[in-house]
Number of protein chains: 2
Amino acid sequence: MVHPKSRGAARRAMRRGPTIDDVAELAGVSRGTVSRVLNGGHYVSAASLEAVQQAMEQTGYTVNQSARSLVTKQSNAIGFVLSEPQERLFEDPNFSVLLRSCTQALAEQDINLVLMLETSDEERNRILRYVRGEHVDGVLLISTHSGDPLITELARAGVPAVVCGRPLVPGDVLPYVAADDREGARQMTRYLVEQGHQRVGMISAPQIAGGQERLQGYQDVLGRKALKRLVVSVDDYSHEAGVRAMHELLAKSPDLDAVFAASDLLASGALVELRRAGRRVPDDVAVGGFDDSRIARESDPPLTTIRQPLELVARDMVDVLLRQIRGEEAATRILPTELVIRESA
Amino acid sequence: MVHPKSRGAARRAMRRGPTIDDVAELAGVSRGTVSRVLNGGHYVSAASLEAVQQAMEQTGYTVNQSARSLVTKQSNAIGFVLSEPQERLFEDPNFSVLLRSCTQALAEQDINLVLMLETSDEERNRILRYVRGEHVDGVLLISTHSGDPLITELARAGVPAVVCGRPLVPGDVLPYVAADDREGARQMTRYLVEQGHQRVGMISAPQIAGGQERLQGYQDVLGRKALKRLVVSVDDYSHEAGVRAMHELLAKSPDLDAVFAASDLLASGALVELRRAGRRVPDDVAVGGFDDSRIARESDPPLTTIRQPLELVARDMVDVLLRQIRGEEAATRILPTELVIRESA
DNA sequence: TTGAAAGCGCTAACAG
DNA sequence: CTGTTAGCGCTTTCAA
């Protein structure tokens, strides 16, 4: 019986796979030729190519990415960095969609995604060290709160990066991909008004990515000044904040007949509070959300909301990042939103 | 003006950081000594250690993981594989918690998490190739549906791996970490009975991880035979399935006064359907969920549910996997659940 | 079109 | 305790 301590090491040693040399030998060519077929097959005769491919098949060869990276300085991986000081973002249903879509888009190009959480200053430094150490070729950054130092640090380090949503730091230091938050907010506000609602309130979260724009869109339609009493601001896009904000709004403007919440999560909280207050939705108070996330479908009643094309945002982020890595032009992109009418308004 | 194509390459070349030799030179020691401090600092004099650390600081040195991996055969990364043929799992709030907690637990050990989605047979093969190619040292597997081929393939390949939840394949081919689903279901069922409910129905999902056990727990308390009319089975843990199942259950057993749903998502669907049917919760029908996920707090009314210690599950998965990688004993672990009483029952 | 050879940056013996 | 050295598996000149 083998000592347990040694089992892993033993198996690991056994498991060492075929190298480029094994393939070369079997194919009867040099190591250089095998490398050439690995990298596009240019300047290789048909015969050699055939022989090498067969040999690779036979041996079950896989490139050793470490060896390759050591010389090419490319890791074939990108970092997906999530900045979530309040541990909140991870619960956002939008985030899941984004992460899944990015992973998929990258997998199609055979690129791997390594997930990193910026939960503290310490972690941020770990991430920066890691990224600067060329462990990843670039970074997809999901940053929601204003003034995230990571954005400027990444930019300063010259690391290829793209942000989701307009970065909440001064200057356009990094390219970003975002939905057209402002126009989306206009769409919703206009719709609410067109439905005949006289007093349309808003639950806004100006410090969260997109929050400014959503508030501006609302103001674009309803005017900037006269609405103080109809707007309540919260700190994040959470359900709980929605509950509290709705409570406050009802207190300030008991006569309101519609409310636009800056996210579906917020809207779902508003729904709960409205029911508790004995107001029917949409008959007494209409409710509009933003995001068209899963909860929009699952809340009761289902939410009328603004759809953000998140799958597209993800694909575009990946596209912009890869271009940037290749040294091509990488411009910010703004994607159109769409009104989705359900039962809440 | 530089041609755009070359910009990336140029910057990349510039960015090449300090190597172990630079540090060695600056510290006035050999490359071997630097390597030693990098790997635990054993057999190094206090003076050398000090000098090296200072030199590392000064140069801003970071190890080149590729070079290291090339010789150690360890990638310092683990794969987090999510098998989700129906794209459903990613929307499960439990999954987010699991992913976040695993990422954090690994980050604490300075290990990176690479995320992989098994969305198709093709993707599964890509994952297997990748894993066999030693790109990761081990795999954390989240597999919910029965008969996932990845489980057996991973086991056959001899890759260190641990599954979340009891794997739905015959034989214990891989160690796993799970909450005590069966006992949790008993806790809930008992509670419902103790509250005086006479006809306790169940919405079960026997094909999903933990689903069998949750049904068994219910049957442990209420008896196996007599309850056919009170149990409805669904295909997954989704909200929509909950709506449909509740509808069906109400049709089959209009007199039921409580229902235990095998997940919070399912329970939230049941809540919607009950309201539509004009039944008050908990007065007419009490509802119990399972998971204590975010929705349990956010649904209306908040759900009485069974808490799964997911953060703990995640930490234990990481622990079991790392042990396995080190060649130590790696045993399956079952974690206790807890009844959380809110307003729905 | 191909082979030979020189590293990439690091770890792990091995002598000292 | 420390320096020296031999690779790890691959890409990439450079000649041929």
Atom-to-atom span, [atom1] of [X] to [atom2] of [N] - whole angstrom:
X	N	atom1	atom2	result
B/Y61	C/dG9	OH	P	10 Å
B/L38	C/dA12	CG	P	11 Å
B/E25	C/dG9	CD	P	14 Å
A/H42	D/dT12	NE2	P	12 Å
A/N39	D/dT12	CG	P	6 Å
B/D22	C/dC8	CG	P	11 Å
B/E134	D/dC8	CD	P	15 Å
A/D21	C/dG3	CG	C1'	13 Å

Please tell me whether A/S83 and A/D148 have a donor and an acceptor in their side chains that are separated by less than 3.5 angstrom.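 A pair is found: one side chain offers a donor N or O, the other an acceptor, under 3.5 Å apart.
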Side-chain donor or acceptor of A/S35 paired with backbone N/O of A/R31 under 3.5 Å: no
Note to self: Looking at A/H135, is its backbone amide N or carbonyl O close enough to the side chain of A/S75 to form a donor-acceptor pair, meaning the two atoms are under 3.5 Å apart?
What the structure shows: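 Checking the backbone N and O of A/H135 against the side chain of A/S75, a donor-acceptor pair under 3.5 Å is found.
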Is B/E118 salt-bridged to B/R126, going by a charged N under 4.0 Å from an acidic O?
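Salt bridge between B/E118 and B/R126, a charged N being under 4.0 Å from a carboxylate O: no.
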Taking OP1 and OP2 of [N], is either one under 4.0 Å from a side-chain nitrogen or oxygen of [X]?
X	N	value
B/K73	D/dG9	yes
A/S48	C/dT1	no
A/S45	C/dT2	yes
B/S30	D/dG3	yes
B/T33	D/dC1	no
B/Y43	C/dC14	no

message = Does A/E25 have more than 12 heavy atoms from other residues, nucleotides or ligands lying within 6.0 Å of its CD?
response =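 No, CD of A/E25 has 12 or fewer neighbouring heavy atoms, counting only those of other groups under 6.0 Å.
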Selection from [options] that lies nearest to any side-chain heavy atom of [X]:
X	options	result
A/V29	C/dG3, C/dC10, D/dG9	C/dG3
B/T72	D/dC10, C/dG3, C/dT11	C/dT11
A/L70	C/dT2, C/dG9, D/dC10	C/dG9

Review point. Is any N or O donor-acceptor pair between the side chain of B/R31 and the base of C/dT11 shorter than 3.5 Å?
Key: yes
Note: for A/V63 and B/A47 on DNA chain D, the residue whose nearest nucleotide lies more 5' is B/A47
| said: Return whichever of B/V44 or A/I20 has its heavy-atom-nearest nucleotide of DNA chain D closer to the 5' end. | reply: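 Mapping each residue to its closest nucleotide by heavy atoms, the 5'-most match is B/V44.
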Q. For A/S66 and A/S69, what are the C-alpha separation, side-chain angles and deciding distance, and is it a side chain to side chain donor-acceptor pair (under 3.5 Å)?
A. CA-CA 5 Å; A/S66 302; A/S69 293; over 6 Å; no
For a quick check of understanding: with a heavy-atom distance under 4.0 Å over all strands, which category does A/S35 fall into, base, sugar-phosphate or nothing? base
